[in-house]
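Protein chains get the first letters and strands the later ones, always in sequence-line order, with residue 1 at the start of each. On a predicted model such as this, the values are computed, not experimentally measured, just so you know.
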There are 2 protein chains.
Amino acid sequence: MAELKDKLILVVDDEARMVNFMRMNLELEGARVASASNGREALEHAREDMPDVVLLDIMMPGMDGFETLRRLRQFSQVPVLILTAKSEEDDRVRGLELGADDYIAKPFSHRELVSRIRAVLRRHYAAPPVPQTMVKVDERLSIDFARREVLVAGQRVNLRPTEYRLLYHLVQNAGYVQTHEMLLTKVWGPEYREESHYLRLYITYLRQKIEEDPAKPKYILTERGVGYRFVDFENKA
Amino acid sequence: MAELKDKLILVVDDEARMVNFMRMNLELEGARVASASNGREALEHAREDMPDVVLLDIMMPGMDGFETLRRLRQFSQVPVLILTAKSEEDDRVRGLELGADDYIAKPFSHRELVSRIRAVLRRHYAAPPVPQTMVKVDERLSIDFARREVLVAGQRVNLRPTEYRLLYHLVQNAGYVQTHEMLLTKVWGPEYREESHYLRLYITYLRQKIEEDPAKPKYILTERGVGYRFVDFENKA
DNA sequence: TCCGCGTGTCAGATTATTTGACAAGCGCGT
DNA sequence: ACGCGCTTGTCAAATAATCTGACACGCGGA
């Protein structure tokens with residue numbers, strides 16, 4: 001399990017209260033915290049301190065979070081979580097497209113903050129470089145991608161080719177939101193980027209086949225305005 | 001264009017006449033030739049001399065070509081061309097599965113020998129590590145894989161998803177034979193390895209769409225008993 | 001030359017994908 | 001708390017792709 005202990009986390013936000021709130025929460029978990037109140041400082045810190053994770057506020061005066069992220073990505077692959085207002089769905093999509101790893105919507109709880117950071121750390125430092133075959137999600141659901149076999153409550157369910165590819169991409173990124181565009185691009189091809197219709201339909205099909213109650217999905221979660229996220233089944237703490 | 005000049009070619013054959021024949025042909029092209037008459041010697045040479053290409057006879061007393069290839073592949077990625085009797089189609093398939101890059105059927109001409117070696121060198125030393133998008137095969141046929149557009153004699157032809165994937169894998173390996181199994185695995189998935197029926201059908205579809213005369217294919221060539229080969233359109237010398 | 005196996009082709013059966021229309025639900029502003 | 005608008009979810013029919021099975025063809029080996 002990925003631990004926050006002794007990890008260096010760079011918090012970037014122009015509001016001192018928010019920085020303090022996060023610092024408190026993160027230090028409670030044993031993490032070290034560096035902070036910056038604008039984009040320029042953030043880039044300096046990122047270069048010099050080599051943080052393990054960056055928490056980046058989008059709404060900042062001067063160089064905003066997007067621009068900061070874009071420049072950061074020119075020299076660093078450090079995992080980045082962006083902080084957005086609850087309602088700003090477009091900001092999340094844009095951030096993810098610029099290379100953010102995930103987002104946290106303000107306001108957020110201690111639990112949410114820590115769990116997202118853990119997930120991102122796990123992927124970056126413990127992630128298998130080879131794609132997973134044979135995934136056991138929980139007692140009810142397991143998938144063998146090499147054999148194209150999906151077992152739900154002991155029963156084999158038959159997935160169609162597109163359903164299969166969609167599930168594959170969702171599960172390979174379990175715990176991470178995948179935007180509509182990402183999924184459409186990977187499953188149907190780049191020329192389908194705008195056709196979110198297809199995606200909704202195939203999400204429905206998949207849920208009907210693998211969810212216990214398709215109306216209350218436990219595996220394939222909707223991220224309104226952004227995309228879908230397969231449940232973070234490896235991070236149950 | 002890949003050149004044989006000054007390249008070191010390791011020829012492995014137990015028949016001295018064959019070795020001499022190849023040495024003569026290769027030195028005419030300015031290549032340097034090392035030779036071995038059995039598997040053990042071949043492995044030694046491969047380790048110590050770092051040849052640019054290996055020509056490996058399959059039928060040898062003692063350690064045969066397959067075993068030699070298997071052991072060679074444990075420590076080296078050097079391109080290997082296997083030499084097989086005209087009729088031994090199974091040998092070719094087996095050799096390719098063990099990691100040979102191509103085969104040459106005995107007896108062969110100077111032209112055939114040199115052209116196959118050139119092709120293998122081109123792929124290994126000049127090959128782009130990123131997959132090609134936008135391929136111009138000749139005046140009649142060009143393909144834009146990013147846009148999923150195939151132009152035949154100026155006309156856009158519409159390929160179905162499977163036809164598309166099949167063409168993609170053939171063209172990405174233009175000049176190289178792809179065994180039935182390779183194509184079935186890549187296009188349909190590993191569980192279709194035995195279903196060569198599908199492959200034949202889709203080869204027919206593709207030829208009808210891109211060949212001028214589907215009965216006399218110029219692009220997608222049949223390698224009887226082995227697989228298919230997209231014409232080596234970059235190596236017209 | 002003839003035979004046999006691998007390859008090529010066709011048309012029909014089946015299955016998957018796409019389309020289009022509409023219902024449901026969430027979250028925002030009032 | 002309420003209703004509105006936009007996103008998401010669902011259904012069934014239309015279209016398209018894939019698969020099946022039968023058979024013809026033709027190369028290469030004996």
After noting the C-alpha distance and the side-chain angles of A/Glu149 and A/Arg156, does the key distance pass the salt bridge (Lys or Arg N to Asp or Glu O under 4.0 Å) rule?
-> CA-CA 7 Å; A/Glu149 247 180 45; A/Arg156 225 197 125 165; 3.6 Å; yes
Spatial distance of atom CG (A/Leu167) from atom CG (A/Leu206) [nearest 0.5 Å] = 5.5 Å
Would you grab the first and last nucleotide of DNA chain D (5' to 3') that comes under 4.0 Å of any non-hydrogen atom in chain B?
-> D/dA17 to D/dG29
Got B/His169 and B/Val187 here, is their nearest side-chain heavy-atom distance under 4.5 Å?
-> yes
Considering only heavy atoms from C-beta outward, does the side chain of A/Lys106 approach that of A/Asp57 to under 4.5 Å?
-> yes
For C/dT9, does OP1 or OP2 lie under 4.0 Å from any side-chain N or O of B/Thr204?
-> yes
Salt bridge present between B/Arg118 and B/Glu29 (N-O < 4.0 angstrom) = yes
Presence of salt bridge, A/Glu67 and A/Arg70, under 4.0 angstrom | yes
When you compare the protein's N or O atoms with those of nucleotides 24-30 of chain C, which come within less than 3.5 Å of each other, and at what distance?
| residue | atom | partner | partner atom | Å |
| --- | --- | --- | --- | --- |
| C/dG25 | N2 | A/Arg224 | NH2 | 2.9 |

Hey, what do you get for CG (A/Leu55) to CG (A/Leu83), rounding to the nearest 0.5 Å?
-> 6.0 Å
What is the distance from atom CD1 of A/Ile104 to atom CG of A/Leu56, rounded to the nearest 0.5 Å?
-> 11.5 Å
Do B/Asp138 and B/Tyr219 have a side chain donor and acceptor closer than 3.5 Å?
-> yes
NZ/NE/NH1/NH2 to OD/OE distance under 4.0 Å, A/Asp102 and A/Arg123 = no
Grab the N/O contacts between the protein and nucleotides 12-14 of chain C below 3.5 Å, and write none if there aren't any.
none

Check each of A/Val120, A/Val54, A/Ile117 against A/Pro79 using the side-chain contact (heavy atoms from CB on, under 4.5 Å) test, and report the only one that passes.
-> A/Val120
With a 4.0 Å cut-off, would you call B/Arg122 and B/Asp232 a salt bridge?
-> yes
Could you walk me through whether A/Phe108 and A/Met22 pass the side-chain contact (heavy atoms from CB on, under 4.5 Å) check?
-> CA-CA 10 Å; A/Phe108 48 82; A/Met22 289 191 273; 3.9 Å; yes
Atom-to-atom span, CG of B/Asp90 to P of C/dC5 - whole angstrom = 14 Å
Relative to each other, are the rings of A/Tyr192 and A/Tyr198 parallel, tilted or perpendicular (30° and 60° limits)?
-> tilted
Round to a whole Å and report the spacing from CD of B/Glu223 to C1' of C/dG6.
-> 14 Å
Rounded distance in Å - CD1 (A/Ile203) to P (C/dT17) | 14 Å
Of all the heavy-atom pairs spanning A/Asp144 and A/Tyr164, show the shortest one and how long it is.
-> O-OH, 3.5 Å
Residues of residues 160-169 of chain B with a heavy atom under 4.0 Å from any atom of DNA chain D, listed by number, are B/Arg160, B/Pro161, B/Thr162
In sequence, state the C-alpha distance, the side-chain angles, and the governing distance for B/Asn38 and B/Thr68, and then conclude on side-chain contact (heavy atoms from CB on, under 4.5 Å).
-> CA-CA 9 Å; B/Asn38 60 55; B/Thr68 308; over 6 Å; no
Do A/Thr84 and A/Arg94 have side-chain atoms, one donor and one acceptor, less than 3.5 Å apart?
-> no
To the nearest Å, how far apart are A/Asn158 CG and C/dA16 C1'?
-> 11 Å
Which angle, rounded to 10°, do you find between the first-five-pair axis and the last-five-pair axis of the helix from C/dT1-D/dA30 to C/dT30-D/dA1?
-> 40°
Stepwise side-chain contact (heavy atoms from CB on, under 4.5 Å) test for B/Asp101 and B/His124 | CA-CA 10 Å; B/Asp101 292 80; B/His124 247 74; 3.7 Å; yes
Under 4.0 Å from any atom of DNA chain D, heavy atoms only: list the residues of residues 173-202 of chain A that qualify, in numerical order.
-> A/His180, A/Arg200, A/Leu201
Length of the NZ-C1' vector between B/Lys216 and C/dT7, whole Å = 16 Å
